[in-house]
Each structure stands twice: as structure tokens, then as C-alpha cells.
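Atoms within each ligand, like the ligands themselves, are counted from 1 in listed order.
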Amino acid sequence: MSLLNKTIANKTVAILGYGNQGRAHALNLRDSGVKVIIGSRPGKSFNQALEDRFAPMSIASAISEADVLMWLLPDQEMPQIYQEHIELIKPTHTIGFAHGFCYHFNLISKSTPLQYFIAAPKGSGFSLRRAYEKGESLPGVFALSDKDDSLKLLVTSYLEAIGCKKFIFETNFKEETECDLFGEQAVLCGGLIELIQQSYKILIENGHSEEMAFFETCFEAKLILELLLEHGLSGMSDKISPTAFYGGHLAGKRLINQNVKDELKKIFTEIQNGTFAKNWMTEVQTGMKSLQAAKKEVKESPLQAIFVKCLGIK
Ligand SMILES: NC(=O)c1ccc[n+]([C@@H]2O[C@H](COP(=O)([O-])OP(=O)(O)OC[C@H]3O[C@@H](n4cnc5c(N)ncnc54)[C@H](OP(=O)(O)O)[C@@H]3O)[C@@H](O)[C@H]2O)c1
């Protein structure tokens, strides 16, 4: 069989889970001419798939009808659902994920000669679909369980079909998992958000208006990140005022002191040695009480209230 027959265009892909990533992958694959079927439980996602003119079916049926199984369920739910369907998974299947959490931390059982891969766009499902519709591209990473040209061709053609065309690079399961978890904890969903929250609070405690505090500590973060990604670190530094650069450079070094650096190392170690994964799965198995408390805290935080007031976002 020629290598061309091994691209995603010649396969049936089952998208298992039709949420944030699942919907974007499915729509983009279909628009790229790939045969896609949707495996979903009845409910919100199932109805969304119907609305999007798919013919969703149970996860079991989708597994039975497909060549490539793309597991796009929440990482914390995936081990149980995977195990429930293990008997249906055949050696002819190729197993894909958008994040290596379950594979890397051995939360799903693996067997030879099955081949596994990660195909992860660097962005949310929403950004992936929006970029595709505009004819633009998101960066994408992939990892392969085996050094195999056919598998590589399948996965790179999958990434291309979902709209990751310009900057595709290879990683491995360990690296993707550790870097993704560390990035979201240290910066994206942890460090950055807490810094914004605490800085907003300081301005309010010192008598400044909610609107001023919001725009200075939160809204403008987006604008500075856009400058950074469009012009690089040095280019961004040249585009802000000398006062902003001088003050920011000094304050940044004070804030990210040795304590913070030590804590970052600890956070990374806990990800790498599996402590975080173990704690998270325990949290899931015991009813996610801490997660619900954290969500409540965010919902009731002063910063959340200002989104409603300034931007009308609820
Ligand atoms: N979100 C991102 O930006 C992003 C980025 C890169 C990679 N990823 C990875 O992509 C994967 C999917 O994440 P996601 O954010 O797309 O998930 P999500 O938006 O939470 O979607 C989850 C889907 O799984 C279904 N589901 C949830 N629990 C289920 C259960 N017990 N049985 C059957 N179906 C169930 C949901 O259906 P219902 O509507 O019925 O609940 C929904 O269709 C994860 O591996 C994640 O790490 C996510």
C-alpha cells in the first residue's frame, strides 16, 4: 500500500466526546473532506452534534465503525470510559489524544500492537475552529508511540486537516504532558490569574475605582501579550514607554523572587513525579469538593463582578 493511502483522508475518524476540542476537530476534519463520526453520550454535546448536521451515535458504535479513535473526553473521565470500551478496541485501531495525561500517567491500559498518538492544537477548540474558518492556522504538536513513518504521516495529515498547518512540531508523550500541565499551572491558569487578582485587589484597597483597576491589571494584559507575540520580547520592550519598561523590569525581578522560583520548581517536580496526577484523580474520585469550592470562590470574587459591570460578561 502506498504511503498516500495512509493519510487521514483515507480513514474514518471517530471523535469521542463533542466538547471544546471534539466539536472543533470534527467540524474542521469534515470541512477538510475527512470522514468523521461522532461518539457521544445523550445530552448537550449529542444535541450540538445533531445541530451541526452530524449523526451522533454511542461511543461504542463509533469505536466499532472507525479506524482512528480520537479520545476527546475530559482527562479525568477518560480512564473509566476507556476501560468500559476496552473490549471493542482492536489492533486495527489507531488511538489519538489531544493531551498526554492519561497515556503518560498510565491511567489507561496500553497494549501492543496498538499505536497511540497525540495531536494537539496549541489553543482552545474555539480558537481552532475560528482560525480554520478564517483560513488561518494554529500551531500544533504531535507525539507518536512508535517511530513509524506511516503513523507520522497519519498524524501530521490529521493535524493539517484540523487546521494546524504552519508550525507543526514533534514532541513525545512525557514532554507534552509535563509542559502542558506546567504551563497552565505556573502561568496561564495559575500564576498569571492570581497575579491579576491580587494586583486588582491592591488598587481597590487603596481607594481606586473598580473600572480603573480592571483595565490596568486585567484588560491590558491581553494587549501586552499581543504586542509580545507580534514583536518578540525586545520589540515589545521598544513599543512600551521607557517608564513602563524601567518600572516593570525592576518590579518583575522583585516579584519573581527566590521563593517564587523555588515554588515553581516544586510545582514542576510534583507534575513530573506524578504527585499532581495522583492528587487530581483522588479529587475526582472523592467528589471534586475542592474544585467546586474553587469555582465558587472565582464566581464570587470581586474581579468576576467587574466583568459583568464593564464588559457585560456573566
Ligand atoms: N479545552 C482545551 O482548550 C484543550 C486544549 C488542548 C487539549 N485539550 C484536551 O482535549 C481533551 C478534551 O478536552 P475538552 O476541553 O474538549 O473537554 P470538554 O469540553 O469538557 O468536552 C468533554 C466531552 O466529553 C463528554 N463527556 C464528559 N463526561 C462524559 C462521560 N462521563 N461519558 C461520556 N461523555 C462524557 C462531554 O459531553 P456532555 O456535553 O454530555 O457533558 C463533552 O462532549 C482533553 O484530553 C484535554 O486535555 C483541551
Side-chain angles (χ1 to χ4, degrees), residues 13-29 36-52 54-63 68-86 88 95-108 116-132 138-143 155 158-159 162-164 167-169 171 173-185 187-190 193 271 276-277 280-281 284-285 287-288 291 295:
V13 179
I15 296 292
L16 307 174
Y18 198 73
N20 189 320
Q21 286 290 316
R23 179 168 188 243
H25 286 228
L27 291 171
N28 292 2
L29 286 168
V36 187
I37 52 181
I38 310 298
S40 171
R41 66 178 173 189
K44 195 168 148 244
S45 296
F46 192 97
N47 295 340
Q48 180 66 58
L50 280 175
E51 213 175 285
D52 292 338
F54 284 108
M57 56 187 83
S58 68
I59 289 178
S61 302
I63 291 176
V68 176
L69 311 180
M70 194 63 188
W71 291 82
L72 296 172
L73 298 154
D75 298 306
Q76 73 278 8
E77 305 278 339
M78 209 167 339
Q80 194 188 333
I81 303 169
Y82 195 96
Q83 193 54 38
E84 282 165 10
H85 294 87
I86 198 99
L88 299 171
I95 313 287
F97 306 97
H99 176 37
F101 188 83
C102 293
Y103 180 95
H104 177 64
F105 291 117
N106 295 314
L107 299 171
I108 55 151
Y116 304 83
F117 69 88
I118 298 175
K122 288 289 103 200
S124 68
F126 177 77
S127 315
L128 182 68
R129 181 62 184 160
R130 188 174 55 185
Y132 188 97
L138 280 193
V141 299
F142 69 93
V155 177
Y158 179 96
L159 274 176
I162 62 169
C164 299
F167 191 53
I168 294 181
F169 58 101
T171 178
F173 280 87
K174 176 175 157 57
E175 183 177 69
E176 191 280 337
T177 309
E178 291 178 1
C179 292
D180 190 85
L181 292 174
F182 184 70
E184 63 201 19
Q185 291 179 26
V187 186
L188 312 173
C189 313
I193 301 298
I271 290 169
F276 169 74
W280 173 219
M281 293 317 287
V284 172
Q285 282 147 16
M288 298 212 257
L291 183 93
K295 288 253 176 172

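Within a 6.0 Å sphere centred on CD of E84, other residues, nucleotides and ligands contribute more than 12 heavy atoms.
Ring orientation note: the planes of F169 and F167 are tilted relative to one another, at an angle of 30° to 60°.
The salt bridge (charged side-chain N to carboxylate O under 4.0 Å, His left out) search around R129 returns D31, E133, not counting sequence neighbours. Applying the side chain to side chain donor-acceptor pair (under 3.5 Å) test to H99 and every residue at least two apart in sequence or in another chain returns E176. For E77, the side chain to side chain contact (heavy atoms under 4.5 Å, CB included) partners are P74, I81, not counting sequence neighbours.
Counting only N and O atoms by type, the side chains of N47 and E51 include no donor and acceptor under 3.5 Å apart.
Sorted by chain then number, the residues whose non-hydrogen atoms approach ligand 1 to under 4.0 Å are G17, Y18, G19, N20, Q21, R41, K44, S45, L72, L73, P74, D75, E77, M78, I81, A98, H99, G123, S124.
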